[in-house]
Amino acid sequence: MEFKQVVGLRRSIRFWSPWQPIEPEKLQAVLEAIHQSPRVLEVDFLRVAVLHRDQMSEEDLQAMKTPTTTTQIELCPTYIFIYADLDALSEATDGKNLDEMLEAGALNRSHGWSSEFIRDTIVPQFYQEVLDDTDTVAMRFRTPDGMREGPAYSRQLLALGRTQIGIAQGVGLLAGVDQGLGVQLSGVGADVPKRIMGIPDSWITSSPMLIGYAAEGVEAGGQRPREPLEQDFHDGRYGAPFESDPDVVKRLTEDGMFQRPAPVPWRRDELRRLARMFGLPE
Amino acid sequence: MTASPSADAAALEDFRTVQQWRQSFARFWRGGEPEPAAFEALARFVAVNEVTPDEIIDSVLRSKESGDLMLRTRARRKWMDLIQEFEDTEQSRDAANGVRSFMIHNGVAMNPPILR
């Protein structure tokens, strides 16, 4: 699928075809794309664990639900949990990741990079400083016996990890749409997947990506509203709006990045029929 | 939507939360109102549980001193379980969904398991 169409067609899907699993090759294509996500500080923070709804016990599925995500979790066949392993930065203090980037010609002398700069400056002054920051947060985990305290990490490191997760989520969502699948980031009870998949304490996560075939039409009711670009995007300084050129918008519309706005005229009918098909309230 | 609600269902009309249900339903679905069968299901549900519609919602959404509403998780869970019992007793997903619709349009999120 053409990139601008992928961007234009992405929606948060909330109705899935629960009977239709994802083909393994499509799932792999999405995971391979996530794996190619940009790395924060060139550190391999990224970890992924895939969980299939039908592998879960009824009790675990129930425990993972939240008030507004119950239905979508139950309808969706596959969940991709994207994690950042906060111990990855300690492991990267050997500078190997950055040396590899030097060898690959990605980090260049023209920009001031050298093995000496990595060893003498980047690792001790940047990586180690993040690790040694005393402004720390202790991880806390819900267990059947109550809350359990885990390792403590600096807030800077947590921010880096969360940034990594967000980048990978964005790539994963678009890769899913490119495969013709429906995608969504959804809140779940995070303690359940941690327990049943044996996720280490050093891995932090955010909303998992639900992925499967959408039961909604491909437009899923139309493109969702956004505030005007000029209101939120600035040019040169705060308060100077980045002006959206109508000719560019017209071209992007022709290419599929901008689509019919929600709600399409039949959206309520679609929602009502979907609700009835799955026995859901109106 | 042509049949009139039963006398029991009609007795619910004046409750604040029932009016809210009607208004929210019409707003979201671009007109119309819940089926008469849904009002009747709510009437049976409140009778079985010896409670009024307003009491159900007020038990879940408590007013804070600031005036904001706070959702009480345990109360919500209790009503979810009672609605499921009601569904089992009546052998009717539609009847239970009528009550769930009343709860949802009053700001109390809940979903039954999907039908496969």
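Both backbone and side-chain heavy atoms feed into the values below; hydrogens, waters and symmetry mates do not. Every chain is numbered from 1 and lettered A, B, ... according to where its sequence line falls, protein lines coming before strand lines. This structure is a prediction, so every number in the text was calculated from the model and none was measured.
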Residue B:Phe28 versus chain A: region with a heavy atom under 4.5 Å: both

Separation of B:Ile114 CD1 from A:Thr71 OG1 (nearest 0.5 Å): 8.0 Å

Among residues 92-107 of chain B, those lying within the under-4.5 Å heavy-atom range of chain A are B:Arg93, B:Asn97, B:Arg100, B:Ser101, B:Ile104, B:His105

Please check if the number of heavy atoms outside A:Arg272 that lie under 6.0 Å from its CZ is greater than 12. yes

Inspect the surroundings of CZ in A:Arg273 and state if more than 12 heavy atoms from other residues, nucleotides or ligands are less than 6.0 Å away. no

Closest approach of A:Glu74 to B:Pro112 (non-hydrogen atoms, all atoms of both residues): OE1-O, 4.3 Å

Which residues in residues 50-57 of chain B have any heavy atom lying under 4.5 Å from a heavy atom of chain A? none

List the residues meeting salt bridge (charged side-chain N to carboxylate O under 4.0 Å, His left out) with B:Asp88, not counting sequence neighbours, and say none if there are none. none

Salt bridge (charged side-chain N to carboxylate O under 4.0 Å, His left out) involving A:Asp54 - partner list, sequence neighbours excluded: none

Side chains of B:Pro113 and A:Glu58 in contact at under 4.5 Å (non-hydrogen atoms): no

Just wondering, more than 12 heavy atoms not from B:Arg77 lying within 6.0 Å of its CZ? no

